[in-house]
Number of protein chains: 2
Amino acid sequence: MDEVFKALADASRRSLLDRLHAKNGQTLNELCDGLAMTRQAVTKHLGILEAANLVTTLRHGREKLHYLNPVPIHQIGERWIKKFERGKLAALSELKRQLEKRDE
Amino acid sequence: MDEVFKALADASRRSLLDRLHAKNGQTLNELCDGLAMTRQAVTKHLGILEAANLVTTLRHGREKLHYLNPVPIHQIGERWIKKFERGKLAALSELKRQLEKRDE
DNA sequence: AATATAGGCAACCAAATGGTTGCATGTCAA
DNA sequence: TTGACATGCAACCATTTGGTTGCCTATATT
């Protein structure tokens, strides 16, 4: 879980996921296109995404195809975000109550 | 949005949010209890959470009360995670298809 | 007034991070 | 088989990060 959060913390990596979301199964060079970064930097980012299991790769000859794995993202939503949704209204009204109490 | 992702990337900070979720409106020292960290380290973490608008503070005399703000977490869920949920099944079946094609 | 308590500020530090360059390897095509 | 192309590996670098220590300030308490 920690690896996933860490992987998602970087905007370049999130944009790589976006690109794979738009078009799945891209090669490294394809993913490099238009990015202000060297190919090696992209390789590192993809490595981190792969380590976090957010991306799966498949070799096809000399090409390496990158596929998005949406499962860990879904898990973050289920196991983490939803927990805070439940308490959401309660937390906000408690805060509001305290803010008002301040002026007494 | 980037600030929120960055703030959530650290396990210590996520655990601080957990503690505020369990009991809202805690003081700095209260939040330090049981953590293997100095008070100053916790201060820094809380500062980052506050900058990301995940925590709101309220001074009460010499105490500083910390309140959880669940809105940014909710937004991550709405604006980011949900996007990948939509393509989820499609992405997985595409990946499955490619994995099978490999053996041809 | 004296002391304890809650928190703030700033300098410093080691390790992690995000990036680079240079070179090597594997694979396809003419 | 000889380029050309797709990717891999490794060393290096600056900046950020997560943490520390030491000291200072402000508010309670007695």
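Order of the sequence lines fixes the chain letters, A, B, ..., with proteins taken first and strands second; residue numbering starts at 1 for each chain.
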Taking the side chain as C-beta and beyond, is there a heavy-atom pair between [X] and [Y] under 4.5 Å?
X       : Y       : value
A:Leu54 : A:Asn69 : no
B:Thr27 : B:His66 : no
A:Val71 : A:Asn53 : no

Please list all pairs passing the salt bridge (Lys or Arg N to Asp or Glu O under 4.0 Å) test where one or both residues lie in residues 22-46 of chain A, with sequence neighbours left out.
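As it turns out, the salt bridge (Lys or Arg N to Asp or Glu O under 4.0 Å) pairs with a partner in residues 22-46 of chain A, which skip direct neighbours, are A:Lys23-A:Glu30.
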
Just grab all the salt bridge (Lys or Arg N to Asp or Glu O under 4.0 Å) pairs involving residues 45-55 of chain A, residues at least two apart or on different chains.
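Pairs touching residues 45-55 of chain A that pass the test: A:Glu50-A:Lys64.
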
With sequence neighbours excluded, residues passing side-chain contact (heavy atoms from CB on, under 4.5 Å) with B:Gln40
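Expected list: B:Thr38.
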
If I take atom [atom1] in residue [X] and atom [atom2] in nucleotide [N], what distance separates them, rounded to the nearest angstrom?
X       : N      : atom1 : atom2 : value
A:Glu63 : C:dT27 : CD    : C1'   : 10 Å
A:Lys64 : C:dT25 : NZ    : P     : 18 Å
B:Leu58 : C:dA6  : CG    : C1'   : 16 Å

Report all side-chain donor-acceptor pairs from residues 1-16 of chain B shorter than 3.5 Å, counting only partners two or more places apart or in another chain.
{"from": "B:Asp2", "atom 1": "OD1", "to": "A:Arg14", "atom 2": "NH2", "distance (Å)": "2.9"}
{"from": "B:Asp2", "atom 1": "OD2", "to": "B:Lys6", "atom 2": "NZ", "distance (Å)": "3.1"}
{"from": "B:Asp10", "atom 1": "OD2", "to": "B:Ser12", "atom 2": "N", "distance (Å)": "2.8"}
{"from": "B:Asp10", "atom 1": "OD2", "to": "B:Ser12", "atom 2": "OG", "distance (Å)": "3.4"}
{"from": "B:Asp10", "atom 1": "OD2", "to": "B:Arg13", "atom 2": "N", "distance (Å)": "3.2"}
{"from": "B:Arg13", "atom 1": "NE", "to": "B:Ala7", "atom 2": "O", "distance (Å)": "2.8"}
{"from": "B:Arg13", "atom 1": "NH1", "to": "B:His45", "atom 2": "ND1", "distance (Å)": "3.1"}
{"from": "B:Arg13", "atom 1": "NH2", "to": "B:Lys6", "atom 2": "O", "distance (Å)": "3.2"}
{"from": "B:Arg14", "atom 1": "NH1", "to": "B:Leu8", "atom 2": "O", "distance (Å)": "2.7"}
{"from": "B:Arg14", "atom 1": "NH1", "to": "B:Ala9", "atom 2": "O", "distance (Å)": "3.4"}
{"from": "B:Arg14", "atom 1": "NH2", "to": "A:Asp2", "atom 2": "OD1", "distance (Å)": "2.9"}
{"from": "B:Ser15", "atom 1": "OG", "to": "B:Ser12", "atom 2": "O", "distance (Å)": "3.3"}

Is the distance from the ring center of B:His74 to that of A:Phe84 below 6.0 Å?
no

Contacted region of DNA chain D by chain A, from 5' end to 3' end of the hits, cut-off under 4.0 Å to heavy atoms, spans D:dA4 to D:dC9

Those residues at least two apart in sequence (or on a different chain) that pass side chain to side chain donor-acceptor pair (under 3.5 Å) with A:Glu78 are A:Lys82

DNA chain C contacts made by residues 28-41 of chain B, counting heavy atoms under 4.0 Å
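The answer is B:Leu28, B:Asn29, B:Arg39, B:Gln40.
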
Reported OH-to-CG distance for the pair B:Tyr67 and B:Leu58, which is rounded to 0.5 angstrom
5.5 Å

Nearest-nucleotide wise, let me know which of B:Thr27 and B:Lys44 is further upstream toward the 5' end of DNA chain C.
B:Thr27

Can you list, by residue number, the residues of residues 7-19 of chain A that have a non-hydrogen atom closer than 4.0 angstrom to DNA chain D?
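Contacting residues: none.
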
